4 protein chains.
Amino acid sequence: MLVSFDFQSDIPLYMQLRNQVVIGIAQGKLLPGEQLPTIRALAEESGINMMTVSKAYQLLKQEGYILTDRRSGTVVAPRQKGVISEETIHGLRVLLSELQVSGLSEKEVLTVCRKLYQEGTK
Amino acid sequence: MLVSFDFQSDIPLYMQLRNQVVIGIAQGKLLPGEQLPTIRALAEESGINMMTVSKAYQLLKQEGYILTDRRSGTVVAPRQKGVISEETIHGLRVLLSELQVSGLSEKEVLTVCRKLYQEGTK
Amino acid sequence: MLVSFDFQSDIPLYMQLRNQVVIGIAQGKLLPGEQLPTIRALAEESGINMMTVSKAYQLLKQEGYILTDRRSGTVVAPRQKGVISEETIHGLRVLLSELQVSGLSEKEVLTVCRKLYQEGTK
Amino acid sequence: MLVSFDFQSDIPLYMQLRNQVVIGIAQGKLLPGEQLPTIRALAEESGINMMTVSKAYQLLKQEGYILTDRRSGTVVAPRQKGVISEETIHGLRVLLSELQVSGLSEKEVLTVCRKLYQEGTK
DNA sequence: GTGGTCTAGACCACA
DNA sequence: GTGGTCTAGACCACG
């Protein structure tokens, strides 16, 4: 699991990190129970501030993606059926609208989504 | 075409407006050539500032969703096959990962996407 | 001499008209003494407001490109060595800087300028 | 890098600032990677509003001249061959036509352009 | 009456 | 301390 950052992006660094962890879990690169790097380690190796890493970890914890284990530090949470947040659905609605307005048919859009989902299964 | 804002959301107002216009175009509630409310009118009826509306309009213009005719104000741009931006794909990858980690199967995810796309066709 | 307008441009219509007349004179499509269409005629055939045409004509007159002849209406002024305005030089400096920053060498920039100048001699 | 504004000019302040930055980059007074003054600092020292500076910076960012690094603020973008915009060429055509109508020969015009380009190389 | 520009403040998210 | 966002006004260019 490698993390990388685009310092010019308009997405905050802590959110970029959070997104990479979520994608990593989906792709199976991060397995339930697997230990995440310590805040200090991750901050040092990627050149970002410890507070930024901390903020990302806190968010991920709150969203249920990771949890703090007393013995082994921060680990990936066991998979469990979670609720789909309203924000996720709303974000999806916006992005799918963008694709639709760009001229993609329903079939084409579903093909894109299937491809992206399967990327997640790799 | 009605607009509404969530003043508690962490999504900036101008982006909320931009998103509603994009969704409106996808849903056919805003037709190509149709005139959008003037900046002042929209600002007044929705209780947000003129410059905030202006910012949203400028973003939409830059993205090719609308254009301002020097004679007739701001109108919805004619539909044309556009390029899919890298950001759209990246955002989609993140959201689909969230769904996947929440335990949704490929089939279920595609069902959600189809439903949302068809909402756009209404 | 045909005029055409881009109603979506950020250049005002009266300035677009003014520019087309200047280019037309440079290209020899408008000869000294040649009569320009009346304000009303030009406005009607091109679908813009009479006030807009009037504003362009007034600007062109003030800049010495055209003059009002008592007998024949508005005509192209006789060519004469004019002063180069400070704004022209400043505008040129900005545009040449843009080309330079885009990576064009002095030779390439001069080639572009020569080509554009010779277009004017057609 | 000093900035100065002509408050009587009909060129908007944000555009005057944008132009000065472009010229500064061309002249090598602003080097790739060099940090630009913060929005607040520039606004204060030049007596214009923060939002006006912000608007100029956003335009420059969009045009690829500068970029904002989430850690180190706003810096000059690394030079790279860019595309020449259609507007630049059109603007050049207008200005060269003005020179031509003023009576400058091709040789004289190219001399002017060479001089201005080399000013940029200083 | 339209959009564009600008001001002088304020608050917040980010790092 | 940085840029991003927002407000409530104002003035102007354009058509």
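Computed from a predicted model, the values in this text were never measured in an experiment. Letters A, B, ... mirror the listed sequences (proteins, then strands); counts begin at 1.
Here C:Ser72 pairs with C:Asp69 under the side chain to side chain donor-acceptor pair (under 3.5 Å) rule; sequence neighbours left out. For C:Asp6, the side-chain contact (heavy atoms from CB on, under 4.5 Å) test picks out C:Gln8, C:Ser9, C:Gln16, with sequence neighbours left out. Applying the side chain to side chain donor-acceptor pair (under 3.5 Å) criterion to B:Lys61, with sequence neighbours excluded, gives no partner residue. Residues satisfying the side-chain contact (heavy atoms from CB on, under 4.5 Å) criterion with A:Arg93, sequence neighbours excluded, are A:Ile89, B:Ile23, B:Leu116, B:Glu119. Residues that satisfy the side chain to side chain donor-acceptor pair (under 3.5 Å) test with B:Arg40, not counting sequence neighbours, are absent from this structure. Annotation: side chain to side chain donor-acceptor pair (under 3.5 Å) contacts of D:Glu63 (sequence neighbours excluded): D:Arg18.
For the pair D:Lys55 and E:dC6, the criterion of a side-chain N or O lying under 4.0 Å from OP1 or OP2 is not met. For E:dC14, neither phosphate oxygen OP1 nor OP2 lies less than 4.0 angstrom from any side-chain nitrogen or oxygen of A:Thr52. In this model, the phosphate group of E:dA15 is approached by a side-chain N or O of D:Arg70 to a distance below 4.0 Å at OP1 or OP2. Listed pair B:Thr74 / E:dT2 fails the phosphate criterion, with no side-chain N or O lying under 4.0 Å from OP1 or OP2.
Listed by first residue number, the stems of DNA chain E with at least three Watson-Crick or G-U pairs below 3.5 Å are E:1-14 with F:1-14.
Atom pair D:Asp6:CG and E:dC6:P shows a separation of 12 Å (rounding to whole Å applied). Between D:Ile66 atom CD1 and F:dG3 atom C1' there is a gap of 11 Å when expressed in whole angstrom units. Look at CG on D:Leu36: it is 13 Å from P on F:dT2, rounded to the nearest Å. Separating the CG atom of A:Leu13 from the C1' atom of E:dA15 is a distance of 7 Å, rounded to the nearest angstrom. Atom pair D:Glu44:CD and E:dT7:C1' shows a separation of 15 Å (rounding to whole Å applied). In this structure, the CG atom of B:Leu60 is 14 Å from the P atom of E:dG3, given to the nearest Å. Rounded to whole angstrom, the span from the CE atom of A:Met15 across to the P atom of E:dC14 amounts to 7 Å. The distance from atom CG of D:Leu17 to atom P of E:dT5 is 14 Å, rounded to the nearest whole Å.
When each of D:Arg71 and B:Thr38 is assigned the nucleotide of DNA chain E with its nearest heavy atom, B:Thr38 is the one assigned upstream, toward the 5' end. Both D:Pro12 and A:Pro12 lie close to DNA chain E; mapped to their nearest nucleotides by heavy-atom distance, the more 5′-ward contact belongs to D:Pro12.
Nucleic acid contact class of D:Tyr14 (heavy atoms, under 4.0 Å, all strands): sugar-phosphate only. No engagement by D:Thr68 is indicated, since no non-hydrogen atom pair under 4.0 Å with the nucleic acid exists. Across all strands shown, B:Ser72 has no heavy atoms under 4.0 Å from either base or sugar-phosphate atoms.
Within 6.0 Å of CD in C:Gln58 there are 12 or fewer heavy atoms belonging to other residues, nucleotides or ligands.
Contacts between residues 86-95 of chain A and DNA chain E, defined by a heavy-atom separation under 4.0 Å, are absent.
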Quick one: which protein N/O atoms are closer than 3.5 Å to N/O atoms of nucleotides 8-10 of chain F? Pair and distance per line, please.
unit_1 : atom_1 : unit_2  : atom_2 : d
F:dA8  : N7     : B:Asn49 : ND2    : 2.4

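Here the closest non-hydrogen pair linking B:Tyr57 and B:Ile66 is O-CD1, 3.4 Å. Closest of all the heavy-atom pairs between D:Val3 and D:Gln20 is CA-OE1, 3.3 Å. Here the closest heavy-atom approach between residue A:Tyr65 and residue B:Val101 is recorded as CE2-CG1, 3.6 Å.
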Per-pair distances, 0.1 Å, donor-acceptor, side chain in residues 44-54 of chain A, under 3.5 Å, sequence neighbours excluded:
unit_1  : atom_1 : unit_2  : atom_2 : d
A:Ser46 : OG     : A:Leu42 : O      : 2.6
A:Asn49 : OD1    : A:Met51 : N      : 2.8

Name every donor-acceptor pair, under 3.5 Å, that has one atom in a side chain of residues 73-85 of chain B and the other anywhere in the protein, sequence neighbours excluded.
unit_1  : atom_1 : unit_2   : atom_2 : d
B:Arg79 : NH2    : A:Gln100 : O      : 3.4
B:Lys81 : NZ     : A:Gly103 : O      : 3.0
B:Ser85 : OG     : B:Glu87  : N      : 3.4
B:Ser85 : OG     : B:Thr88  : N      : 3.1
B:Ser85 : OG     : B:Thr88  : OG1    : 2.9

